[in-house]
Each structure stands twice: as structure tokens, then as C-alpha cells.
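Below you will find the structure I want to go over with you.
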Amino acid sequence: VRGREFKVDAGFWEHVADEQSVRQAAVYKNNCENYVGTIKYPVGVIGPLRVNGEHSNREYIVPMATHEAELLASYDRGAKAITEAGGVTARIKRRCMLRAPMFRFRTVAEATDFYRYAESEEVKELLCEAVHEAMDFCTVTHVNVFQTDRKVHISIGVDSSDAATHNLATYAGDIVMQHMSDNYPAKIDEMFIEGGFNAGKRVSIMHTLLGKGHSVVADCVIPYDVVDRVLHTTPYRLQRFQKIHNATNGFIGSISSTAHVANGLAAFFIATGNDPACVAESQAAVTHFDLDAPEGVSDLGRHDLYASITLNSLILSCVGSGTQLPSFHAARSIMGVRSVNELAEVCAAMVLAGELSLFAAIENGEFSHRGRSTPRGG
């Protein structure tokens, strides 16, 4: 690797720098510096999973990559319950990627003057026009201005269809800095393309509330008999336990009120060529279970189950970066998705399937039993 030497054993040539990895080196080198080979990672599928979205309206076989035994069995059980109930309804509320250039001043007074200037609707419109002029293939979704002591952060949101838009958001942020440098009537002491306000690849209360990437909501109603037969519990017991769990999440200060959203997202991201590091912010979500009363049924013990998931900062793409590498593209083709919006709706449904199954397994005692019986690799 660029003049470096290091020792490897025979397994390296068989499992990392194998014949196919060497043959396709030119493809992988574009995404990985100092390339030496590829890692083989287990991929399985769950489904069929019925999704009733604005961009998805059918059953899907969903690829997931993991080495955690029984994870896919659990998600598959949740998918079975959802599909037998008629599917998940999914909606995308908003879509954008963010960059937040920081402007630093000598004093709070100078920073406040800049904040008031940047916060004006006239200046926000000028910033949007500058970005549109340079990037006519993108849409500016919003411009928000925040002040922290003598620092001002201008958060700009952009949307460019099926790409995750990280690089384009950075370009938009650079345009914002250039416009302010050229047009602000006073001195700006320092400017940085990012001052931490964007909270990239880490959990943020701001993005959990206001959104980043895809903001997706999804829900379903699962009949009593399906909960009983597939999840081995009752709607009343399941929603009661889930609410107890969420209350504890609040007590310990957790931003994400879920059972294990990160598990499903990591497996889905790896299989589809999305950046696993984005799971950090994507998993900030809220799961909610409740009772749904069928017509004419007053007994709480016989009500159906309402289940929903809110994912306000889901970072996904289906073009660009690693999504076009051979194995990721092939795995994603199993679903037959045509757009990133469709991918996001399927992802939300998959996550809800995992929440249903794990909460049920903990509530009915199966989780601890499986933990004792799961084989451990040496």
C-alpha cells in the first residue's frame, strides 16, 4: 500500500484480497483509500413486508446484513405480523440535508448585529437565490439562524433527489460563507464551514425534533388474533410494557425512545450501501404502542394493537457514494426500489417490524430464553 509493507497470513489472500476483490480493485479504490481487499459479511432477507406508502405500495423482500444471530428471525416475525395485518402506512414529512457554517466575532454585540442581519427575510432570500444560481439542480428547503454567545450558525437545508447530499450541502454552506463575506457591511472575524451545529453522525435533540435527511412516520393496526398468534402476547400487555419501557427511557435521559432501532438500521444500511456511521443520528426515534378499539368491542383486553415509529433524521440514499458498489447494488436490487423516498418508507416499515418483535419477545419472556439457546461462534 503506497510503499508500505505488512505481514498477512494465508487467510488474508483467501478472504480479503481474494481473486474477485483484486479483479474489481479499480471499482473499490474510488471509495476506499489504501485499498487492500473486501470483507465478506453475512446478508439475509426478511419478508414479505407490506408497505403502504406514497412511494411504496406492495410487498417487499428486504435485505439486511448482520452477524448477530437471531436478529433477522426477529425482524422477519415482525414483518409477518405487519403483512398479515394489511401492512404499514408510511409518510415522508420532509427531506433535506444540512450544513451550518459558523461565523465568529470579537464580541457578543457584534455577533448579535450579524444575527439580526442574517435573520432578516431579505437576506435569507438572497442566500437561497445564491445557492439556486450555483446549484440549480438542488432545492433549498430552509435557512435557519442561531446565535450562541459570539458565534452565529446559519443552517441551510438542501435537497437533491435520490442522493444523501452531504457534499452538496457542504457546497451550499460554502456559498453562504462567500455571500456573507461579500455582502455583510461589517467585519466578520472568522468563518468555518461547520462549527458543530450540524451534529453530523451523532445524536442531536435538534435534529430529532426538526429533522434531517428523511423525516418519516409510519404506523399500523395489528388485530388481536395476529398479535396473539404471531407475537405470542396480547395487544393490552404489549402496549402496556412498551409504555413502561418508554417511561424508563425518559428517566435515564435517552433521546431515542425505542427498543433497538439501531440494530435494524445498521443491518439495512450495510446491505444497501448506506453509511453505517449515519446510524448514530438516524436511530434517534420514537416508538409508540397503544390500543385500537374495533367497532363494538369495549373490553380493553380484546382491543387491537396500534403501533407507530417516528424517524426524524433518517440519512439514506440510493445513488452516489457506496450505494453503487457491486454487492450493495445487487442486494438493494432484491427490493426493486426506484427512489430514495421508496427506500425510506421501506426502511421505516422494517424498523417498526423489529420494534414489534423485540418488545413482544421481552414482554412474553422469549427474549431471555433465546439468549440462553443462541449458538455462539468461536
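Along the sequence shown, residues carry numbers from 1.
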Requested in this report: Carefully, step by step, assess R332 and T272 under the rule side chain to side chain donor-acceptor pair (under 3.5 Å).
Outcome: CA-CA 5 Å; R332 201 170 59 252; T272 59; 5.9 Å; no
Requested in this report: Decide yes or no for M180 and L127: does some side-chain heavy atom of the first lie under 4.5 Å from some side-chain heavy atom of the second?
Outcome: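 Of all side-chain heavy-atom pairs linking L127 with M180, at least one is under 4.5 Å.
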Query raised in the report: Judged by modelled atom types alone, do T112 and Q147 share a side-chain donor-acceptor pair under 3.5 Å?
Result: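 A pair is found: one side chain offers a donor N or O, the other an acceptor, under 3.5 Å apart.
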Report task. Would you please indicate yes or no on a ring centroid separation below 6.0 angstrom for Y41 and H67? Result ->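 Ring centres of Y41 and H67 closer than 6.0 Å.
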**Report entry** Whether over 12 other heavy atoms sit under 6.0 Å from K93 NZ
**Finding:**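 More than 12 within 6.0 Å, yes.
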**Report entry** Within 6.0 angstrom of K151 NZ, more than 12 heavy atoms from elsewhere
**Finding:**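 Atom NZ in K151 is crowded, with more than 12 foreign heavy atoms closer than 6.0 Å.
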Query - R150/E190 ion pair, N-O < 4.0 Å - result: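 Not counted as a salt bridge, because no side-chain N and carboxylate O are separated by less than 4.0 Å.
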Report task. May I have the step-by-step check of side chain to side chain donor-acceptor pair (under 3.5 Å) for Q242 and N246, ending in yes or no? Result -> CA-CA 6 Å; Q242 193 273 330; N246 266 14; 3.3 Å; yes
Requested in this report: State whether the side chain of T208 and the backbone N or O of A284 hold a donor-acceptor pair below 3.5 Å, judged by distance alone.
Outcome: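 Here the side-chain-to-backbone pair does not exist.
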Requested in this report: Flag the pair D18 / K40 as yes when at least one side-chain heavy-atom distance between them is below 4.5 Å, and no otherwise.
Outcome: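 Touching, per the 4.5 Å side-chain cut-off.
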Query raised in the report: Counting N and O atoms only, with roles assigned by atom type, does the side chain of R77 sit under 3.5 Å from a partner on the main chain of Y75, one being a donor and the other an acceptor?
Result: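 Here the side-chain-to-backbone pair does not exist.
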Requested in this report: Take Q283 and T258 through the side chain to side chain donor-acceptor pair (under 3.5 Å) test and state the conclusion after the steps.
Outcome: CA-CA 9 Å; Q283 61 89 30; T258 68; 5.2 Å; no
Query raised in the report: Got a sec: does the CZ of R240 have more than 12 other heavy atoms crowding it under 6.0 Å?
Result: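 12 or below, so no.
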Query raised in the report: Heavy-atom distance under 4.5 Å between the side chains of F359 and T233, does that happen here?
Result: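 No, side chains not in contact.
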Report task. Take atom CZ of R106 as the centre, draw a 6.0 Å sphere, and report whether it contains more than 12 heavy atoms from other residues, nucleotides or ligands. Result ->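 12 or below, so no.
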Requested in this report: Begin from the C-alpha positions of N198 and H153 and carry the test side chain to side chain donor-acceptor pair (under 3.5 Å) through to its verdict.
Outcome: CA-CA 9 Å; N198 173 54; H153 309 262; over 6 Å; no
Query raised in the report: Quick one: does D9's side chain have a donor or acceptor within less than 3.5 Å of a partner on F12's backbone?
Result: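 Yes; at least one donor-acceptor contact below 3.5 Å.
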**Report entry** Beyond-backbone contact of T323 with F328, side-chain heavy atoms, under 4.5 angstrom
**Finding:**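 No, their side chains stay 4.5 Å or more apart.
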Query raised in the report: Does any non-hydrogen side-chain atom of F114 lie less than 4.5 Å from one of I154?
Result: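 Side chain of I154 against side chain of F114, heavy atoms only: contact under 4.5 Å found.
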**Report entry** E84/R50 salt bridge by N-O under 4.0 Å criterion
**Finding:**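 Between E84 and R50 there is no salt bridge, as every charged N stays at least 4.0 Å from the carboxylate O atoms.
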Query raised in the report: Would Y306 and L291 count as a side-chain contact (heavy atoms from CB on, under 4.5 Å) if you check the C-alpha gap in whole Å, the side-chain angles of each, and the deciding distance to 0.1 Å?
Result: CA-CA 6 Å; Y306 173 84; L291 292 175; over 6 Å; no
Requested in this report: Look at the side chain of S120 and the backbone N and O of R116, then say whether any donor-acceptor pair between them is shorter than 3.5 Å.
Outcome: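 Answer holds: no.
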Query raised in the report: On the ring face of F241, is R237 found with NZ or CZ under 6.0 Å from the centre and within 45° of the axis?
Result: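 Cation-pi check for R237 and F241: fails.
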Query raised in the report: Does T141 reach the main-chain N or O of G157 with its side chain, forming a donor-acceptor pair under 3.5 Å?
Result: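 Yes, because the side chain of T141 sits within donor-acceptor range (under 3.5 Å) of the backbone of G157.
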Query raised in the report: Do the non-hydrogen side-chain atoms of V145 and K124 ever get within less than 4.5 Å of each other?
Result: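 In contact.
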Query raised in the report: Hey, are R95 and D159 close enough for a salt bridge, meaning a charged N less than 4.0 Å from a carboxylate O?
Result: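 Salt bridge flag = yes for D159 with R95.
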Query raised in the report: Could you walk me through whether K212 and M97 pass the side-chain contact (heavy atoms from CB on, under 4.5 Å) check?
Result: CA-CA 6 Å; K212 180 182 179 182; M97 185 50 65; 3.6 Å; yes
